[in-house]
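Written out below as structure tokens is the structure these notes cover.
The sequence lines fix the lettering, A, B, ..., with proteins before strands; numbering per chain opens at 1.
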Number of protein chains: 2
Amino acid sequence: MTEPAPKGRPAATRAHRPPTIHDVAREAGVSRGTVSRVLQGGHHVSPAALEAVNAAIRRTGYVVNRHARSLVMQRSDSVAFLLTEPQELFFEDPNFNVLLRGCTRALAEHDIPLLLMIAGNEPERRRITRYIAGGHVGGVLLVSSHSGNPMVERLTEAEVPVVACGKPLGQRTRVAYVAADDREGARDMVRHLRAAGRRRIGTVTGPQDTPGGVERLAGYRETLAELGLPYDEQLVAEGDYTRSGGEAATARLLAQAPDLDAVFVASDLMADGALTALQRAGRRTPEDVAVGGFDDSPIAPSTRPPLTTIRQPWDRISDEMVRLLLARISGEDPAAVILPTELVVRDSA
Amino acid sequence: MTEPAPKGRPAATRAHRPPTIHDVAREAGVSRGTVSRVLQGGHHVSPAALEAVNAAIRRTGYVVNRHARSLVMQRSDSVAFLLTEPQELFFEDPNFNVLLRGCTRALAEHDIPLLLMIAGNEPERRRITRYIAGGHVGGVLLVSSHSGNPMVERLTEAEVPVVACGKPLGQRTRVAYVAADDREGARDMVRHLRAAGRRRIGTVTGPQDTPGGVERLAGYRETLAELGLPYDEQLVAEGDYTRSGGEAATARLLAQAPDLDAVFVASDLMADGALTALQRAGRRTPEDVAVGGFDDSPIAPSTRPPLTTIRQPWDRISDEMVRLLLARISGEDPAAVILPTELVVRDSA
DNA sequence: CTGAAAGCGCTTACAG
DNA sequence: CTGAAAGCGCTTACAG
């Protein structure tokens, strides 16, 4: 007694409907309400009923219909990974990959799907704001380091739980975030450089409207003072977290302070550019000029020479971002989590 | 007359519900059915009603609730981007970024959310299969080049529309795919090398269980024959699409055929490794040994020297993958789309 | 502890 | 062309 297939039926329509809560209820000899209670954690359910339902679920291969659930619960079970950096950075910087990978994994462990959203321009930002504010997403993992990002405020206004990667700068509202201890990491690197006998230590900073840009420079300054080394503006150049930006900044440094014997570069990608600039200038690394990076990104082991750097604990950062977001979603107040970094010594310093 | 906020209300619950189809209907003075018909494309709706509804939508700021829609339509409006490559490759190879970025953009233009899924091992694959087969996804963009990937068959079995990037090898079922013209691209590169005066042209291939590995080698062989150059097994080494794999394969080539004066490397990442191997061996590029890559990946302009390579049209590939998938979802039969490549001449050859 | 019932927001035959 | 009504699969007070 098979029904004739309707003409032009879309490929997406399944021939046989997957089992519903109704099938499970019948199979287990209980009501749909009881099945639902089991699904919600099994509270207020007798052991016998619980067992019967679980067995029925197994037999039928039941999987909850998330659309139905989201509809009645008035919220989505998915999480957005929202990237608001310019797209070249996303292409170039392996850190984004690592973070995206880590968050996908951490969410998968909670069986939560990740929606990738990239907001490169204002129309995109508006579209995405509308989508998220429409309640299609349970929470947002926000990657946007530059100060004054309009998305932070818009999402907060829409009452969507948000956790940022890195402390959002220039925001009036308090937002939960996870960050590595940038300042302490910078201090470790400068101490390492000094311990290796360097005295004229320059730095290529990140953009000064990003937390990493500000904090790593602060750590550099503090440690210089602590070590009794003078702070010299000629020894500081600002980069933009790109490889070519790092190369250019290092070239400026070399022109301003030809006698430098070490440079702390605020990201590995920029440090790779610094290596190129030094080679171009005929300086050997590390013999003439030692180079220290930041991130321990996937490129660090394969630069020439391999990069001494500060490891950001990306897996832990991902885990904590997801943990904080789930906490926010279930009503907890925002919190900040700062994770320790680690010096990784290779050949460049 | 504000209600007291219930204690412990989850942050995700909105204070004021977004407008529903019901609000729009009331505002426009029509029934909910008519509003829905307008939403579905405005067929069988009088111009007056259509206008009234559209105005009401604008006034209320109505956005369709996708959960409700998916529930009643029995299918999801989202698309999965499914990655089944080993994760190191995802970290290292910028092509994945470019493709992911392109697909996110192309889907965004259709207002379709992208779910990122990474299946690194069998438990993951099972979990993801269950999720997708559960109907939580309207279709799948599959990135998996290695032959015999179990996901292809499982997804086809689950009757989920699939479009692959690159021709899936060793599958019994026919699956839609989009690919660059690997063979023709390889031919262009070998011709270019020969035109530059090279006679002992080696090649580092991709894995021979991937379409790119097989096709680019085939193009190499054909062109050698066409040019009257002998095919010499000592001139061929297999790589694994990683930078270090390319370096190792090139070192083998150098040992087997010390007199080679050019090498066609089947990916830019491996070509970067090849550059390192050559430099280690004291060979200058391009003076002693010319190097041609494949991909025109983001790293190509910044290798040393900048890489001459074959451009894969990633934006078009993304567009076509999304177009094909949408066609599949609306019931069309699978198709294959082959896109032309382009020689990009820089300094390495 | 458990069942019956209402309702989440939408789409779609079915009559008119 | 249009409205009333049923129903998608689930959750959750409300009675018992």
* Within this structure, what is the NE2-to-P distance between B:H43 and C:dT12, rounded to whole angstrom? -> 11 Å

* To do: Please check the phosphate of C:dC10 (OP1 and OP2 only) for any side-chain N or O of B:S70 closer than 4.0 Å.
  => no

* Asked: Crowded around B:R59 CZ? As in, over 12 foreign heavy atoms under 6.0 Å?
  -> yes

* To do: Check whether any side-chain N or O of B:T20 sits under 4.0 Å from OP1 or OP2 of C:dG9, and answer yes or no.
  => no

* Structure fact -> Whole-Å distance, B:H67 NE2 to D:dT11 C1', equals 15 Å

* Asked: Looking for any heavy atom pair under 4.0 Å, which part of the strands does B:S36 touch: base, sugar-phosphate only, or nothing?
  -> base

* With both distances kept under 3.5 Å, what pairs with D:dT2, Watson-Crick or G-U wobble? -> C:dA15

* Under the salt bridge (charged side-chain N to carboxylate O under 4.0 Å, His left out) rule, what do B:R174 and B:D333 come out as? Steps first, then yes or no, please. => CA-CA 10 Å; B:R174 184 155 56 248; B:D333 285 332; over 6 Å; no

* What's the NE2-P distance between B:H22 and D:dA5, to the nearest Å? -> 13 Å

* Quickly work out the B:H44 NE2 to D:dG3 P distance and round it to whole Å. => 15 Å

* Asked: Among the nucleotides C:dC1, C:dT11, D:dG9, which one has an atom lying closest to any side-chain atom of B:R32?
  -> C:dT11

* Asked: Would B:D111 and A:R130 satisfy salt bridge (charged side-chain N to carboxylate O under 4.0 Å, His left out), going step by step from the backbone distance to the final call?
  -> CA-CA 11 Å; B:D111 209 32; A:R130 210 170 48 227; 5.4 Å; no

* **P spacing across the pair C:dA5 / C:dC1, given as an integer number of angstrom** => 23 Å

* Atom-pair distance (CZ on A:R37; P on D:dC10), nearest Å -> 15 Å

* Nearest-Å distance, CG (A:N65) to P (C:dC10)? -> 16 Å

* Residue whose nearest DNA chain D nucleotide is more 5′ - B:G29 or B:L71 -> B:G29

* Taking it one step at a time, do B:T60 and B:D23 satisfy side-chain hydrogen bond (donor to acceptor under 3.5 Å, both in side chains)? -> CA-CA 8 Å; B:T60 55; B:D23 301 311; over 6 Å; no

* Selected nucleotide, minimal atom distance to B:A68 side chain, candidates D:dC10, C:dG9, C:dG3 -> C:dG9

* Quick one: B:H136 NE2 to D:dG9 P, roughly how many Å, whole number? -> 12 Å

* To do: Give a yes or no on whether a donor-acceptor pair under 3.5 Å exists between the nucleobase atoms of C:dG9, that is its base, and the side chain of B:R66.
  => no

* Examine C:dG9: is either OP1 or OP2 under 4.0 Å from a nitrogen or oxygen in the side chain of A:Q74? Give yes or no. => yes

* So which nucleotide from D:dT2, C:dC8, D:dC8 ends up closest to the side chain of B:V72? -> D:dC8

* Asked: If you look at every strand shown and take non-hydrogen atoms under 4.0 Å, does A:V35 touch a base, only sugar-phosphate, or nothing?
  -> nothing

* Asked: In whole angstroms, how far is the C1' atom of C:dT12 from the CD1 atom of B:I21?
  -> 11 Å

* **Per A:T34 side chain, nearest of listed nucleotides D:dT12, C:dT12, C:dT2** => C:dT2

* **Within 6.0 Å of CD in A:E51, more than 12 heavy atoms from elsewhere** => no

* To do: For B:R154 and B:E157, run salt bridge (charged side-chain N to carboxylate O under 4.0 Å, His left out): C-alpha distance rounded to whole Å, both residues' side-chain angles, the deciding distance at 0.1 Å, then the answer.
  => CA-CA 5 Å; B:R154 290 185 204 169; B:E157 240 164 56; over 6 Å; no

